[in-house]
Amino acid sequence: MDDWLPASGRTRGRTAAADRTAAGAAWMCAVIVTLAFGWIAADLLWHGLSRLTPGFLFEMPQLSGRAGGLASIIVSTLAILAICLAAAVPIGLGAAILLAEYSRSDRRLGRFVRRSLDVLAGVPSIVFGLFGNAFFCVYLGMGFSLLAGGLTLACMVLPLLIRSLEQGLREVPDDWRNAAAALGMSKAATLRSILLPAALPGLVVGLVLGMGRALAETAALLFTSGYVMRMPGSVMDSGRALSIHIFDLSMNVPGGTGNAYGAAVVLLLMLLTVNLLALAIARRWQLTQPGPL
Amino acid sequence: MPACSRRPAALLLALATSLLLASCGDSSNQTRLTVTGSSTVAPLMAEIALQFEKNHPDVRVDVQTGGSSRGVADARRGLADIGMASRALNDDESDLTAHTIAYDGIGMIVHADNPVRALSPQQIIDIYQGRIDNWQAVGGPDAQIIVVNKAQGRSTLEIFLEHFELAAPSIKADVVIGDNEQGIKTVAGNPYALGYVSIGAAEYAVGADEPLRLLPLEGVEASTANVRNQRYPMRRPLNLVTRGPLEGPAAALVAHAQSSSVDPLIRQLYFVIPQR
């Protein structure tokens with residue numbers, strides 16, 4: 001009777017030690033990830049924060065960007081992002097609804113679309129850039145333009161958006177669909193009032209990931225929206241995105257490193273703002289939606 | 001409540017509509033010139049274009065990048081009015097005309113206290129590939145050579161590699177730097193460093209009493225003057241590339257880019273002004 005006690009104590013000790021090691025390792029990984037982000041952010045802020053004056057945001061760039069501000073660059077970046085979202089969100093929504101709600105019986109179509117999306121998500125951005133240049137700029141005759149850049153980015157962002165939205169729709173329990181059907185609701189009404197509000201977190205995750213990828217994109221935009229620093233007058237004008245500006249300042253313009261840091265801080269802040277905005281809109285929508293949540 | 005829930009959608013719609021309207025309002029009757037190519041020439045050309053537009057309000061110049069090969073290909077296919085190439089034209093590109101607007105030359109630099117007066121091309125290759133790692137082997141003091149190299153993607157790195165026929169991975173560097181200023185600071189702060197920067201930037205730093213010395217290459221003194229008269233070997237031309245006879249605004253732009261009114265712009269980017 002008493003010989004199992006010490007044995008069990010040893011086992012318990014070993015288990016506890018293993019637990020501690022595992023927990024320690026997990027903590028270590030978390031710390032490494034945080035440190036990596038902290039380092040990047042600190043380096044950017046250290047070099048770039050002093051550049052961040054109202055003039056830097058609202059003045060036109062001068063001397064290839066070594067002097068002046070970012071006004072036209074910020075406008076072009078936001079225009080490209082808006083075009084990208086305006087094209088990607090409706091198409092993404094439609095495709096995700098097809099995949100999650102309509103393709104259950106038609107499995108082969110669903111599998112094919114999903115496979116295509118996964119391949120598309122893994123395609124390097126320079127390939128999207130070359131495709132965008134050949135299709136939008138040359139074949140459709142848009143030339144170097146914000147429109148061509150935004151649409152190219154939309155192609156790039158779509159897989160992320162569709163997959164996370166589809167995931168969001170799938171996580172809605174089938175009971176809700178059955179209940180809606182039992183109440184005699186049409187499929188469209190079910191989608192609009194029940195499924196889409198419930199899948200909102202998925203949409204937000206997709207949007208945040210997509211916008212992050214779009215804002216950070218350099219290679220795909222170099223060949224589509226282009227390099228022109230002028231303030232864009234229409235979506236058919238070429239305009240330089242922030243990421244391209246940072247790349248050019250740090251690589252091709254002697255003496256551009258300082259303003260490259262400043263522009264990088266602006267990009268970082270823009271990314272944070274856009275993310276917080278997406279979250280805020282989603283939270284507000286969920287609160288005001290008379291849905292099941 | 002429903003009104004509130006539709007607000008984001010309404011916002012998006014308004015944005016899309018305004019963008020569409022904005023695109024319809026494009027009623028410019030300006031001539032548009034497209035210039036594409038070398039990312040080294042692009043910042044210079046963008047500045048030249050800005051200057052040109054001030055004197056020619058009826059012309060609009062869009063400068064795009066993508067590399068010298070792209071500049072040549074676009075000029076040939078007519079996708080661009082003018083191409084940019086940071087190299088001379090090859091033999092199979094004789095259907096095009098090159099107009100040199102500036103030169104880009106790079107010089108080897110050491111600290112002013114370094115007694116070594118010259119390095120042969122072979123010695124430079126051996127140092128950068130790690131076969132020589134002490135100044136004693138090239139007639140200097142007994143100290144380790146601090147090899148300063150440029151970061152990937154820099155045009156100065158390209159000229160350096162091309163001139164010495166080196167491959168980027170074969171270089172064993174102690175310090176990797178970004179722009180010219182950083183290279184100058186690194187070498188000026190270390191008596192045993194060896195690096196290379198744009199000749200224009202190095203000459204400017206020497207003039208500003210930085211403890212630096214430019215090394216001659218193949219017996220030719222490294223100076224902007226010797227780049228201009230094409231005697232100094234480690235240089236390349238920055239060209240505008242056109243196809244067929246030049247006329248209209250494109251001819252005016254090329255003429256402007258080759259005039260002395262762009263000299264300050266060339267100097268600002270540490271390129272070398274060609275003989276006019």
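Computed from a prediction, not measured in an experiment: that's the story for all the values here. Convention: sequence-line order gives letters A, B, ...; per-chain numbering from 1.
- Considering all non-hydrogen atoms of both residues, Q64(B) and Y227(A) come closest at OE1-N, 2.7 Å.
- Of the two parts of I244(A), neither the backbone nor the side chain holds a non-hydrogen atom closer than 4.5 Å to a non-hydrogen atom of chain B.
- Between the OG1 atom of T34(B) and the CZ atom of F144(A) there is a distance of 8.0 Å, given to the nearest 0.5 Å.
- Annotation: side chain of D237(A) is in contact with side chain of R60(B) (closest heavy-atom distance under 4.5 Å).
- The part of R230(A) that comes within reach of chain B is its side chain, from C-beta onward, which places non-hydrogen atoms under 4.5 angstrom from that chain.
- Residue F131(A) places its CZ atom among more than 12 non-hydrogen atoms of other residues, nucleotides or ligands, all under 6.0 Å distant.
- The candidate with the highest count of non-hydrogen atom pairs below 4.5 Å against chain B, out of P232(A), S145(A), G226(A), G256(A), is G226(A).
- Within 6.0 Å of the CZ atom in F56(A), the count of heavy atoms belonging to other residues, nucleotides or ligands exceeds 12.
- The two residues E47(B) and S64(A) come nearest to each other via the heavy atoms OE2-N, 2.6 Å.
- A49(B) does not touch chain A: none of its heavy atoms, backbone or side chain, sits under 4.5 Å away.
- Among residue pairs with one or both ends in residues 39-78 of chain B, those qualifying as ring-ring contact (aromatic ring centres under 6.0 Å, His included) are F52(B)-H56(B), F52(B)-H256(B); sequence neighbours excluded.
- Proximity to chain A (any heavy atom under 4.5 Å) is shown, for Q182(B), by neither the backbone nor the side chain.
- For the residue pair T65(B) and L222(A), the shortest heavy atom distance occurs at OG1-CD1, 3.3 Å.
- Contact check for R70(B) versus N133(A): side-chain heavy atoms found under the 4.5 Å cut-off.
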